[in-house]
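In this chain, residues are counted from 1 in sequence order. These figures come from a predicted structure and were not determined experimentally. For ligands, and for the atoms within them, numbers begin at 1 and follow the listed sequence.
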Amino acid sequence: MEKERKSLIIAVDGHSSTGKSTVAKQLAVRLGYVYIDTGAMYRAVTLQAMRNGWIENGKIDEKSLAEGLSRTCIDFKYDAETGRYVTYLNGECVEQQIRGMEVSGNVSAVSGLGFVRKMLVEKQREMGKNGGVVMDGRDIGSVVFPDAEVKFFMTASPEVRAKRRYDELIQKGENVDYKEVEDNVRQRDYLDEHRQESPLRKTEDAVLIDNSHMTIEEEIEYMLETIRQKQ
Ligand code: DC
């Protein structure tokens, strides 16, 4: 008889556009876990700020944003048709809007704010407290769940990541320039790593994965093997 496996918290952190969400989603499916995309939460807050004029030309009206956030509800709902979780902002599905370049250009500034992080980290802890989750982000292993049983830190070269992101945006019909995408990737790395609040860093106990030259399947197999050893 197969032994009962433990319901773990699996943290997947790393640089932007490393395919974290693709592998994290797959891992969740294979393990029968819930997948939580914390980047989508920061993106939804950013969209809300842009729509309400709380952020304009990169400048944030922190007071309005803080007040507005207390009336903002971010949720994930399972879409049985696609088998995916989609992001809702005050009851509206915003999955498409939060992935565009405009939100990408503003999200670093919003996610650098302490009060935004505090609110979202609390929500993330609540969502993951019973285990059986794969959570992807930047600070999951370092701040949200420092005691997570399994931690991965994903990276790849900036050029490889920019090319992947560019292809994804073109496929979605966005009119983008490759150079603009690469600049955005590099800029977000810098901002993620140098911000004062919860900067992106690999914790000592996280397993480093550089997937520049790995297929998704190789990566998932490797991650599953690591997870099975902890279950
Ligand atoms: O993973 P992503 O690119 O969708 O994340 C969007 C932004 O949100 C990214 O610039 C970093 C930030 N983020 C964060 O600060 N902390 C997280 N746990 C997740 C994302």
Checklist entry - In the protein, what heavy atom is nearest to atom 12 (C) of ligand 1, and what distance, to one decimal place, separates them? => result Ser111 OG, 3.6 Å
Checklist entry - Under 4.0 Å between a Lys/Arg side-chain N and an Asp/Glu carboxylate O for Asp189 and Arg138? => result no
Checklist outcome for this item: For Asp192, the atoms of ligand 1 under 4.0 Å from one of its heavy atoms are 10 (O), 11 (C)
Checklist entry - Side-chain contact, heavy-atom cut-off 4.5 Å: Ile55 with Lys59? => result no
Checklist entry - Is the shortest N/O to N/O distance between Arg117 and ligand 1 below 3.5 Å? => result yes
Item to check | Six-ring centre of Phe153, Lys202 cation under 6.0 angstrom, axis tolerance 45° | outcome: no
Checklist entry - Is a side-chain donor-acceptor pair under 3.5 Å present for Tyr35 with Asp136? => result yes
Item to check | Among Met135, Arg138, Arg165, closest by any non-hydrogen atom to atom 17 (C) of ligand 1 | outcome: Arg138
Checklist outcome for this item: Among non-hydrogen protein atoms, atom 18 (N) of ligand 1 lies closest to Asp139 OD1, 2.8 Å
Checklist entry - Is the closest basic N to carboxylate O distance between Asp205 and Lys151 below 4.0 Å? => result yes
Checklist entry - How close does the nearest protein non-hydrogen atom get to atom 19 (C) of ligand 1, and which residue and atom is it? => result Thr38 OG1, 3.3 Å
Checklist entry - With a 4.0 Å cut-off on heavy atoms, does Arg195 reach ligand 1? => result yes
Item to check | Under the salt bridge (charged side-chain N to carboxylate O under 4.0 Å, His left out) test, residues paired with Glu92 that sit two or more places apart | outcome: Arg51
Item to check | Ion pair check, Arg164 and Glu168, cut-off under 4.0 Å | outcome: no
Item to check | Protein residue, atom and distance nearest to atom 3 (O) of ligand 1, heavy-atom basis | outcome: Arg188 NH1, 2.9 Å
Checklist entry - Should the pair Asp139-Arg117 be classified as a salt bridge under the 4.0 Å nitrogen-to-oxygen rule? => result yes
Checklist entry - Using heavy atoms and a threshold below 4.0 Å, how should the contact between Met41 and ligand 1 be classified: side chain, backbone, both, or neither? => result neither
Checklist entry - Which residue owns the protein heavy atom closest to atom 20 (C) of ligand 1, what's the atom, and how far is it? => result Gly39 CA, 3.6 Å
Next on the checklist: As a test of understanding, state which of Gln96, Glu95, Gln97, Lys77 forms a side-chain hydrogen bond (donor to acceptor under 3.5 Å, both in side chains) with Thr87.
Outcome noted: Glu95
Checklist entry - Where on Val144 is there a heavy atom closer than 4.0 Å to ligand 1, on the side chain, on the backbone, on both, or on neither? => result neither
Next on the checklist: Give the atom numbers and elements of ligand 1 that come within less than 4.0 Å of a heavy atom of Ser108.
Outcome noted: 10 (O)
Checklist entry - Do Arg43 and ligand 1 have an N or O pair less than 3.5 Å apart? => result yes
Checklist entry - Relative to ligand 1, is Gln124 under 4.0 angstrom through side chain, backbone, both or neither, heavy atoms considered? => result neither
